[in-house]
Amino acid sequence: MSKHNTEIRIADWKTEKDSLKQIRQTVFIEEQKVPVELEWDEFDDSSTHFIATLEGQHIACARLKPDGQIGRMAVLAEHRNQGAGSKLLQFILRTAGRQKTCNVYLHAQVSAVLFYEKHGFTTTGDIFYEANIPHREMLRKIC
Ligand SMILES: CC(C)(COP(=O)(O)OP(=O)(O)OC[C@H]1O[C@@H](n2cnc3c(N)ncnc32)[C@H](O)[C@@H]1OP(=O)(O)O)[C@@H](O)C(=O)NCCC(=O)NCCS
């Protein structure tokens, strides 16, 4: 299925929590073995959340914290490498720009650094570990 059919929109954490949590449960907790207590934190309440839908099915999500951190980017395995992640990230960057959140950053899993570099992010600092997964901090100035 082409990326052009994937719809991205802002999601309301209070009313759409179950849909967002389902994607993160599948990708981070079940697939990547991230401990439950690390996955759910206090930042979900204050973040802007995003959800991607393809043919009525929720296939990806992410969040933008008020300080400019993009995180919890998750595309369901069967929908990867078809452009959904890129479309989601571009939507987040446009939203951040509108909010005048000009400096965005993220903690990229080392395996995904190339993906974010394709979207203009640059690495900074050394490798560090979160949930036993190697990460690099990446930055991008968007306005
Ligand atoms: C990382 C992730 C969000 C990318 O989403 P996606 O929908 O697969 O990405 P796209 O299809 O838009 O890929 C765009 C490009 O990045 C590349 N790419 C995607 N994932 C990549 C990865 N993990 N490593 C290197 N390159 C990657 C693709 O090959 C593609 O390249 P191309 O445009 O030259 O063909 C997705 O793989 C994912 O959810 N992974 C599991 C959870 C995760 O690791 N999240 C990131 C936490 S930092």
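Counting starts at 1 for both ligands and their atoms, in listed order. This structure is a prediction, so every number in the text was calculated from the model and none was measured.
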- Message: Checking the side chain of K65 only, and the main-chain atoms of F43 only, is there a donor and an acceptor separated by less than 3.5 Å?
- Response: no
- Query: When you measure from the side chain of H49 to the backbone N and O of D44, does any donor-acceptor pair fall under 3.5 Å?
  - Reply: yes
- Spatial distance of atom CD1 (I59) from atom CZ (R80) [nearest 0.5 Å]: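 These two atoms lie 11.0 Å from each other.
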- Item | Partner residues of R9 under the salt bridge (charged side-chain N to carboxylate O under 4.0 Å, His left out) criterion, sequence neighbours left out |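 With sequence neighbours excluded, R9 shows a salt bridge (charged side-chain N to carboxylate O under 4.0 Å, His left out) to E16, given in chain and number order.
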- D41: salt bridge (charged side-chain N to carboxylate O under 4.0 Å, His left out) partners, not counting sequence neighbours: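 Listed in chain order: R63, R72.
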Can you list every pair where an N/O of ligand 1 is under 3.5 Å from an N/O on the protein?
unit_1   : atom_1 : unit_2 : atom_2 : d
ligand 1 : 7 (O)  : G85    : N      : 2.7
ligand 1 : 8 (O)  : N81    : N      : 2.8
ligand 1 : 11 (O) : N81    : N      : 3.4
ligand 1 : 11 (O) : Q82    : N      : 3.1
ligand 1 : 11 (O) : G83    : N      : 2.8
ligand 1 : 12 (O) : S86    : N      : 2.9
ligand 1 : 12 (O) : S86    : OG     : 2.5
ligand 1 : 23 (N) : S111   : O      : 3.0
ligand 1 : 24 (N) : S111   : O      : 2.6
ligand 1 : 31 (O) : K118   : NZ     : 2.8
ligand 1 : 34 (O) : K118   : NZ     : 3.0
ligand 1 : 39 (O) : V75    : N      : 2.8
ligand 1 : 44 (O) : Q32    : NE2    : 3.3
ligand 1 : 44 (O) : Q109   : OE1    : 3.3
ligand 1 : 45 (N) : M73    : O      : 2.8

Scan the side chains in residues 127-143 for donor-acceptor partners under 3.5 Å anywhere in the protein, sequence neighbours excluded, and list what turns up.
unit_1 : atom_1 : unit_2 : atom_2 : d
E130   : OE2    : H107   : ND1    : 2.7
H135   : ND1    : I133   : O      : 2.6
R136   : NE     : G125   : O      : 3.1
R136   : NH2    : G125   : O      : 2.9
R140   : NH1    : H119   : O      : 2.9
K141   : NZ     : C143   : O      : 3.0

